[in-house]
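Single-structure report; data block below.
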Amino acid sequence: MLIHPWDAPTDDAEWQAWLATHDFGQLAANGSAGEPPWVQPLHFAYDPARREALAHLARPNPIWPALLDRPTVLLSVVDDYTFIPGPWQAEVDQLPEHGVPTSFYAAVQLVCTAHVVDDPDAKAELLQRQVTHFQPDGGSAPVVAGEAPYGRQLPGIRGLRLEVHEVRAKFKYGGKRSETVQHQISERLAERDGPGDAAARRHQQRRLAAARGPAPSTSRPTERK
């Protein structure tokens, strides 16, 4: 994924905060020579403290041999996307029809080593951590190996622990455009108010504010005595 400096996250906290609320992505694993890669949509729970993502899939899923033979994988998450018409991006001294259309989006890619979890107790612990992530208010029985209601279903799935080695993050929201054009795009997004427009506008305004830096202080310095 190409990441220009103006699309890079301002710091790790930016992509971590975004990923905390975007927990559905696609897991890509290399296929055998001459075959396309495997791509599996899935929910996952990312743990920043342990730098790992947790998931599980049905045991008959055909991706397992690829994960075992070629465990270096990529977990890709893309959201908050929208299309920006060319005229919206035209500078003030440019004809509107000469503006360049583009896409706005946020994306995080995690380069990982996949660890398949088959031990019943370890698998139950992994699943419980996922349930806790997705259902913080509870509502489901504990996941315990060999115990009802979920113990008898554990053999039908395999756990997946994705050890994260590298993070590639991108927030493509017109950062290279002039401030005038960025405000113009923001106004158009508010007017159109289509799918994804509100989220894209929030990202754009947040990043524009961050690029400006904190406002200068208006308070007087404290006199030393």
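Bear in mind the structure is a predicted one, so any value in this text is a computation, not a measurement.
- Between Ile3 and Ala169, the closest heavy-atom pair is CD1-O, 3.3 Å.
- Inter-residue side-chain proximity for Thr102 and Lys172 is flagged as met; some heavy-atom pair is nearer than 4.5 Å.
- Phe134 and Leu126 fall into different hydrophobic clusters, defined by Ile, Leu, Val, Met, Phe, Trp and Tyr side-chain heavy atoms under 4.5 Å apart, directly or through other members.
- We find that Arg59 and Asp118 are joined by a salt bridge, their nearest charged nitrogen and carboxylate oxygen being less than 4.0 Å apart.
- Contact annotation: the side chain of Glu163 never approaches that of Cys112 to less than 4.5 Å [non-hydrogen atoms, C-beta and beyond].
- Looking only at distances, no side-chain donor or acceptor of Lys170 sits under 3.5 Å from a matching main-chain atom of Met1.
- Hydrophobic clustering (side-chain heavy atoms under 4.5 Å, transitive across Ile, Leu, Val, Met, Phe, Trp, Tyr) groups Leu110 together with Ile63.
- Following chains of ILVMFWY side-chain contacts shorter than 4.5 Å, one cannot reach Ile157 starting from Val116, and the two form parts of different hydrophobic clusters.
- When the side chains of ILVMFWY residues are joined at heavy-atom separations under 4.5 Å, either directly or via intervening members, Leu68 and Leu57 end up in a single hydrophobic cluster.
- Residues Pro142 and Tyr150 approach most closely at O-CD1, 3.7 Å, considering heavy atoms.
- Side-chain contact between Leu54 and His133 is absent, with no heavy atoms from C-beta onward closer than 4.5 Å.
- Phe104 and Phe83 fall into different hydrophobic clusters, where Ile, Leu, Val, Met, Phe, Trp and Tyr residues are linked whenever their side-chain heavy atoms come under 4.5 Å apart, directly or through other members.
- Arg50 has its side chain within reach of Arg129: a pair of non-hydrogen atoms, C-beta onward, lies under 4.5 Å apart.
- Contact check for Leu162 versus Phe44: no side-chain heavy atoms found under the 4.5 Å cut-off.
- Note on ring orientation: taking the six-membered ring where Trp is involved, the planes of His203 and Phe171 are tilted (angle from 30° to 60°).
- Within the 4.5 Å cutoff, the side chain of Arg192 has heavy atoms near those of the Leu189 side chain.
- Residue His4 holds its NE2 atom at 4.0 Å from CG of Leu2, rounded to the nearest 0.5 Å.
- Remark: His183 NE2 to Glu187 CD distance equals 8.5 Å, nearest 0.5 Å.
- Interatomic distance, CD of Gln182 versus CZ of Arg201, reported as 12.5 Å (0.5 Å rounding).
- Nearest heavy-atom pair, Ala141 versus Gln128, reported as atom, atom and distance to 0.1 Å: O-OE1, 4.4 Å.
- Between Trp15 and Val167, the closest side-chain pair of non-hydrogen atoms falls below 4.5 Å.
- Annotation: the span from Arg177 atom CZ to Ile185 atom CD1 amounts to 7.0 Å, rounded to 0.5 Å.
- A pairwise comparison of heavy atoms in Ala107 and Val78 identifies CB-CG2, 4.1 Å as the closest pair.
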Determine whether Phe24 and Asp79 satisfy the following criterion, side chain to side chain contact (heavy atoms under 4.5 Å, CB included), listing intermediate values before the conclusion. CA-CA 10 Å; Phe24 188 86; Asp79 205 351; over 6 Å; no

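- Checking side-chain atoms of Lys123 against main-chain N and O of His56 turns up no donor-acceptor pair under 3.5 Å.
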Test side chain to side chain contact (heavy atoms under 4.5 Å, CB included) on Leu74 and Arg168; report intermediate values, then the result. CA-CA 10 Å; Leu74 183 76; Arg168 304 166 184 167; 4.3 Å; yes

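- Taking CG of Leu160 as the start and CD of Glu52 as the end, the distance is 10.5 Å to the nearest 0.5 Å.
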Please report the C-alpha distance between Leu75 and Tyr46 in whole Å, then the side-chain angles of each, then the deciding distance to 0.1 Å, and finally whether the side chain to side chain contact (heavy atoms under 4.5 Å, CB included) criterion is met. CA-CA 11 Å; Leu75 179 58; Tyr46 178 67; over 6 Å; no

Could you walk me through whether Val73 and Trp38 pass side chain to side chain contact (heavy atoms under 4.5 Å, CB included), step by step? CA-CA 10 Å; Val73 298; Trp38 295 93; over 6 Å; no

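- Of all heavy-atom pairs between Trp88 and Val181, the closest is O-CG1, 3.9 Å.
- One finds the NE2 atom of His115 at 11.5 Å from the CG atom of Leu67 (value rounded to the nearest 0.5 Å).
- Closest approach of Gln205 and Ser186 over heavy atoms only: NE2-OG, 3.2 Å.
- In this structure, the side chain of Gln89 does not engage the main chain of Gly99 through any donor-acceptor pair within 3.5 Å.
- Using a 4.5 Å heavy-atom cutoff, the side chains of Arg206 and Glu14 are in contact.
- No donor-acceptor pair under 3.5 Å is formed between the side chain of Tyr173 and the backbone N or O of Leu208.
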